[in-house]
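First comes the structure, then the notes that go with it.
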Amino acid sequence: MALSHYCVNRILWHSATMSEQSAQNQDKFIVRLPDGLRDRIRLAAEANHRSMNAEVVALLEENYPAPVLEKLDDPAARLLFWLAKRIRRRNPQPGTPRDKQAALYERIAGDIAERMKDIGE
């Protein structure tokens, strides 16, 4: 199937937020965007006072949140997931500070749980 309706020259590199990792260690992903989508992303990014990359990452984070682990042995990870769950019970709007706070707690808790596995606890 031909991809003539895609603008092949328009690529977008996305990854985790810059504050989490250095740019050279981030995952990169090439996306072919349909005509006009890049401009819509640019406008949304400007309206939200973000870079285009940050806008795309924020949208991906909203639609693909970090998985909630079923069993957490680490007390710090359990506490952070509990806090995130309390925030989410109030159904914060996507992209609001409360939603971002819950997502941050979930990411940190997941990271703690994974690192604890790595050290054998």
Side-chain angles (χ1 to χ4, degrees):
M1 178 174 152
L3 296 175
S4 59
H5 66 283
Y6 287 105
C7 182
V8 178
N9 291 331
R10 293 184 180 172
I11 60 173
L12 185 63
W13 296 88
H14 103 275
S15 59
T17 59
M18 293 298 276
S19 62
E20 292 179 26
Q21 301 174 347
S22 67
Q24 63 220 125
N25 294 333
Q26 293 179 331
D27 292 334
K28 292 176 179 59
F29 186 71
I30 297 173
V31 178
R32 292 185 185 96
L33 300 174
D35 288 336
L37 182 57
R38 185 179 193 283
D39 293 331
R40 294 194 314 256
I41 294 170
R42 181 183 50 78
L43 291 173
E46 288 172 0
N48 292 321
H49 307 289
R50 299 192 257 225
S51 68
M52 287 180 60
N53 187 79
E55 183 69 23
V56 170
V57 170
L59 292 170
L60 290 170
E61 287 281 349
E62 287 174 23
N63 288 292
Y64 302 99
V68 177
L69 302 173
E70 295 299 318
K71 183 179 178 205
L72 294 172
D73 294 325
D74 185 77
R78 278 198 312 268
L79 177 62
L80 287 168
F81 267 124
W82 177 81
L83 288 170
K85 196 183 227 181
R86 279 189 62 131
I87 292 169
R88 295 216 183 272
R89 274 194 297 206
R90 294 183 175 218
N91 297 317
Q93 293 295 317
T96 61
R98 296 298 285 168
D99 179 60
K100 291 176 184 178
Q101 184 180 24
L104 176 64
Y105 290 165
E106 290 162 348
R107 282 194 305 272
I108 294 170
D111 189 42
I112 289 170
E114 288 300 312
R115 289 173 188 254
M116 292 305 286
K117 283 184 206 173
D118 290 345
I119 61 173
E121 296 218 359

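Take D74 and apply the salt bridge (Lys or Arg N to Asp or Glu O under 4.0 Å) test, not counting sequence neighbours, and it matches no residue. Evaluation of the salt bridge (Lys or Arg N to Asp or Glu O under 4.0 Å) rule for R115 yields D111 as partners, not counting sequence neighbours. Taking the side-chain hydrogen bond (donor to acceptor under 3.5 Å, both in side chains) definition, one finds that R40 meets it with nothing, sequence neighbours left out.
The shortest non-hydrogen separation linking Y105 to I87 is CE1-CD1, 3.9 Å. For the pair A102 and A84, the tightest heavy-atom approach, listed with the atom from each and the gap, is O-CB, 3.6 Å.
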Verdict with reasoning, L33 to V31, per side chain to side chain contact (heavy atoms under 4.5 Å, CB included): CA-CA 6 Å; L33 300 174; V31 178; 3.7 Å; yes
Which pairs would a plain distance check flag for residues 43-52, meaning a side-chain donor or acceptor within less than 3.5 Å of a matching protein atom at least two apart in sequence or in another chain?
{"residue": "E46", "atom": "OE2", "partner": "R42", "partner atom": "NH1", "Å": "3.3"}
{"residue": "N48", "atom": "ND2", "partner": "A44", "partner atom": "O", "Å": "3.2"}
{"residue": "N48", "atom": "ND2", "partner": "E55", "partner atom": "OE1", "Å": "3.0"}
{"residue": "N48", "atom": "ND2", "partner": "E55", "partner atom": "OE2", "Å": "3.2"}
{"residue": "R50", "atom": "NE", "partner": "E55", "partner atom": "OE1", "Å": "2.9"}
{"residue": "R50", "atom": "NH2", "partner": "E55", "partner atom": "OE1", "Å": "3.4"}
{"residue": "S51", "atom": "OG", "partner": "A54", "partner atom": "N", "Å": "3.0"}

When the side chains of residues 88-95 are checked against the rest of the protein, which donor-acceptor pairs come out under 3.5 Å, sequence neighbours left out?
{"residue": "R88", "atom": "NE", "partner": "E106", "partner atom": "OE2", "Å": "2.8"}
{"residue": "R88", "atom": "NH1", "partner": "D99", "partner atom": "OD1", "Å": "2.8"}
{"residue": "R88", "atom": "NH2", "partner": "E106", "partner atom": "OE1", "Å": "3.1"}

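The CG atom of L59 sits 8.0 Å away from the CD1 atom of I41 when rounded to the nearest 0.5 Å.
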